[in-house]
S.K.: 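Once you've had a glance at the structure underneath, I'll fire off some questions.
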Amino acid sequence: CEIIESHFQIGMIFSILGRYNEATFHHEECLKLKIQVFGNDSLDVAASYDELGEISERRAAFKIALNNYRIALKIRVAKSSPLVAISYLNIGYIYYLRGKYDVAQSEYQKSLGAFQLTDGEDPKVAQLFHNMGLLDNKLANFKEAFENLEKARKIRMDLYGEKNKEIAESYVGFASIYFFQGNYQEARRFDEKALDMRLELFTEDHPDVAKSYSSIAMTINKEAKYDKAIELVQKSLAIQSKYFESDHPDIAVNLNLMGMILERKGKYEQALEYNLQGLKMRQKLFGDVHPDVAKSYNNIRNVRLLQKKY
């Protein structure tokens, strides 16, 4: 059991640091040992499938992540465990990432129903409200989005205090709402709060720091601060290249963002090149039917129209 715990703790540390290959190795070793000790249908085994699913999710290996989450769900259903709430939450988030919002919403509702049987201060309850807020934001239900994100933030404050990676995540959620509403000043304020916290918690080249640079760049692009936006996207891409394979949703976001910035600067050939790279990557990750793929097509169309105009 001590060896199992050691692999688990080391795996968690590597995951937090964004070192996903090492994290996967230790969680796989943990899973093998748990199966030997507890059997295939143990709730402890289900927890390991969750850990492996989360790492795969972060690496954009969505099919693998979904498979791991479904194995965990199957074990928990067989055991009549209230932890099915976690499985529905995890599965819902994969569908959210894949742009299947109706399925995500259905899974989140199942999770919410199951969580009513557990402690309301559970960090996973906070994650559920946070994820529901992100989904509401995508659907332009801004009032509900803010309410759900605020519920998540309050639970996290009670659990962790003011400085924690989960609180930084909440700030990013609020920034996203303000961005979609066109309130770029407030969006940037929350994104900068998240960045400051992440720089305190992590190294300067952590994937979450890269995400913050991208988010701020997206906002200041709207404020016509193009050179600064390009600088931040380049910093983000440099960090991501250390952690991710060549195809990853966060890299695609940056390619798409760089295309939008260059379009606004009137550099249409370069903008088109970045947008086409982003489209190709998103198609490999998501297929042809996904909201982000549609955005890439729209950006390419805009650039080509501007090229004809000028």
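For the single chain, residues carry numbers from 1 onward in sequence order.
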S.K.: Does CG in L139 sit with more than 12 non-hydrogen atoms of other residues, nucleotides or ligands closer than 6.0 Å?
M.R.: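 Enclosed.
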
S.K.: Is any NZ, NE, NH1 or NH2 atom of the basic residue among R76 and D50 found under 4.0 Å from an Asp or Glu carboxylate oxygen of the other?
M.R.: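 Yes, R76 and D50 are salt-bridged.
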
S.K.: Just to verify, what does Y96 make a ring-ring contact (aromatic ring centres under 6.0 Å, His included) with, not counting sequence neighbours?
M.R.: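 Counting only residues at least two positions away or on another chain, Y96 forms a ring-ring contact (aromatic ring centres under 6.0 Å, His included) with Y93, Y101.
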
S.K.: Check whether H206 reaches the backbone of L199 with its side chain - one donor and one acceptor, N or O, closer than 3.5 Å.
M.R.: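 No.
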
S.K.: Is there a path of hydrophobic side-chain contacts, each under 4.5 Å between heavy atoms, that joins F202 and Y171?
M.R.: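 Yes, F202 connects to Y171 through the hydrophobic network.
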
S.K.: Taking side-chain hydrogen bond (donor to acceptor under 3.5 Å, both in side chains) as the criterion, tell me which of K235, Q234, Q240 meets it with N254.
M.R.: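 Going through K235, Q234, Q240 one by one, the side-chain hydrogen bond (donor to acceptor under 3.5 Å, both in side chains) with N254 is satisfied by Q240 alone.
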
S.K.: Can you establish whether the number of heavy atoms outside I230 located under 6.0 Å from its atom CD1 is more than 12?
M.R.: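 Check passes, neighbour count above 12.
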
S.K.: Judged by modelled atom types alone, do E5 and Q9 share a side-chain donor-acceptor pair under 3.5 Å?
M.R.: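 The criterion, which ignores hydrogens and geometry beyond distance, is satisfied for Q9 and E5.
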
S.K.: Between F146 and F174, is the ring centroid distance below 6.0 Å?
M.R.: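 F146 vs F174: aromatic centres under 6.0 Å.
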
S.K.: Determine whether I64 and F286 fall in the same hydrophobic cluster, where Ile, Leu, Val, Met, Phe, Trp and Tyr are linked whenever their side-chain heavy atoms lie under 4.5 Å apart.
M.R.: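 Not linked; separate clusters.
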
S.K.: Around atom OH of Y274, are there more than 12 heavy atoms from other residues, nucleotides or ligands closer than 6.0 Å?
M.R.: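 Check fails, neighbour count at 12 or below.
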
S.K.: Given the rule that I, L, V, M, F, W and Y join up when any side-chain heavy atoms are under 4.5 Å apart, are I220 and Y184 in one cluster?
M.R.: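 Yes, same cluster.
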
S.K.: Centre-to-centre under 6.0 Å for H26 and F8, is that the case here?
M.R.: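 No, too far apart.
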
S.K.: Answer with yes or no whether the side chains of Q127 and R156 bring together a donor and an acceptor at under 3.5 Å.
M.R.: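 Yes, side-chain donor-acceptor contact under 3.5 Å.
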
S.K.: Run the side chain to side chain contact (heavy atoms under 4.5 Å, CB included) test on V172 and F190 for me, step by step, so that the C-alpha distance in whole Å, both residues' side-chain angles and the decisive distance to 0.1 Å come before the verdict.
M.R.: CA-CA 6 Å; V172 172; F190 275 100; over 6 Å; no

S.K.: Search all heavy atoms of S15 against all heavy atoms of I55 and return the closest pair with its distance.
M.R.: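 Taking S15 first and I55 second, the nearest heavy atoms are OG-CG1, 4.2 Å.
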
S.K.: Answer yes if the side chains of N299 and E263 hold a donor-acceptor pair under 3.5 Å, and no otherwise.
M.R.: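 The criterion, which ignores hydrogens and geometry beyond distance, is not satisfied for E263 and N299.
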
S.K.: Which heavy-atom pair separates A210 from S236 by the least distance, and what is that distance?
M.R.: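 Here A210 and S236 meet closest at O-OG, 2.8 Å.
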
S.K.: Can you give me the closest heavy-atom contact between P207 and I239, atom names plus distance?
M.R.: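 In this case the closest contact between P207 and I239 is N-CG2, 4.2 Å.
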
S.K.: Count the heavy atoms of every other residue, nucleotide or ligand shown that sit under 6.0 Å from NZ of K110, and state whether that count exceeds 12.
M.R.: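 Yes, enclosed.
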
S.K.: So, does S241 use its side chain to make a donor-acceptor pair with the main chain of A238 at under 3.5 Å?
M.R.: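 Judged by distance alone, yes, a pair lies under 3.5 Å.
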
S.K.: Please determine whether a side-chain nitrogen of the Lys or Arg among K265 and D227 lies less than 4.0 Å from a carboxylate oxygen of the Asp or Glu.
M.R.: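 Salt bridge present between K265 and D227.
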
S.K.: Among E22, H27, E29, which residue satisfies the side chain to side chain contact (heavy atoms under 4.5 Å, CB included) criterion with F25?
M.R.: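 Of E22, H27, E29, side chain to side chain contact (heavy atoms under 4.5 Å, CB included) with F25 is met by E29 alone.
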
S.K.: Please answer: with hydrophobic residues joined when any side-chain heavy atoms are less than 4.5 Å apart, are I71 and I86 in the same cluster?
M.R.: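 No, separate clusters.
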
S.K.: In this structure, which one of L43, N40, V45 forms a side chain to side chain contact (heavy atoms under 4.5 Å, CB included) with K34?
M.R.: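 Exactly one candidate clears the test, V45.
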
S.K.: Is it the case that the side chain of S215 and the backbone of K211 share a donor-acceptor pair, with hydrogens and angles ignored and the cut-off at 3.5 Å?
M.R.: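 Present.
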
S.K.: Give a yes-or-no answer on whether the side chains of E223 and Q185 include a donor-acceptor pair shorter than 3.5 Å.
M.R.: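 E223 vs Q185: no donor-acceptor pair found between side chains.
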
S.K.: Answer with yes or no whether the hydrophobic clustering places L97 together with Y69; edges join I, L, V, M, F, W, Y residues whose side-chain heavy atoms lie under 4.5 Å apart.
M.R.: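 Yes, L97 connects to Y69 through the hydrophobic network.
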
S.K.: After noting the C-alpha distance and the side-chain angles of S214 and D250, does the key distance pass the side chain to side chain contact (heavy atoms under 4.5 Å, CB included) rule?
M.R.: CA-CA 9 Å; S214 297; D250 292 350; over 6 Å; no

S.K.: Looking only at non-hydrogen atoms, find the nearest pair between G92 and A104 and report the distance.
M.R.: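 Nearest pair, atom of G92 first, then A104: O-CB, 3.3 Å.
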
S.K.: Looking just at side-chain N and O atoms, do E54 and Y49 make a donor-acceptor pair shorter than 3.5 Å?
M.R.: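 Their side chains do not contain a donor-acceptor pair, so the 3.5 Å distance test is not met.
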
S.K.: Q109 vs M132, test: side chain to side chain contact (heavy atoms under 4.5 Å, CB included). Steps then yes/no.
M.R.: CA-CA 9 Å; Q109 289 302 315; M132 289 172 67; 3.9 Å; yes

S.K.: Working note: M258 + Q277, criterion side chain to side chain contact (heavy atoms under 4.5 Å, CB included); need CA distance, chi angles, decisive distance, verdict.
M.R.: CA-CA 11 Å; M258 188 70 88; Q277 287 182 51; over 6 Å; no

S.K.: Counting only heavy atoms from other residues, nucleotides and ligands, does the tally under 6.0 Å from CZ of R264 exceed 12?
M.R.: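 Atom CZ in R264 is crowded, with more than 12 foreign heavy atoms closer than 6.0 Å.
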
S.K.: Do you know the tightest heavy-atom contact between S48 and C30?
M.R.: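 So the minimum-distance heavy-atom pair works out to OG-SG, 3.9 Å.
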
S.K.: Are the charged groups of E28 and K32 less than 4.0 angstrom apart, N to O?
M.R.: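 Here E28 does not pair with K32 in a salt bridge, since their nearest N and O are not under 4.0 Å apart.
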
S.K.: Would you kindly say whether T219 and R188 are connected by a side-chain donor-acceptor distance under 3.5 Å?
M.R.: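 No, no side-chain donor-acceptor pair sits under 3.5 Å.
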
S.K.: How long is the straight-line distance from CG of N148 back to CD of E144, given to the nearest 0.5 Å?
M.R.: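 Separation between the atoms: 8.0 Å.
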
S.K.: Which atom names give the shortest non-hydrogen contact between G259 and N275, and what distance separates them?
M.R.: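 In this case the closest contact between G259 and N275 is CA-OD1, 3.9 Å.
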
S.K.: Salt bridge between D208 and K165, side-chain N to carboxylate O under 4.0 Å?
M.R.: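 Looking at K165 together with D208, the answer is no, because their closest N to O distance does not fall below 4.0 Å.
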
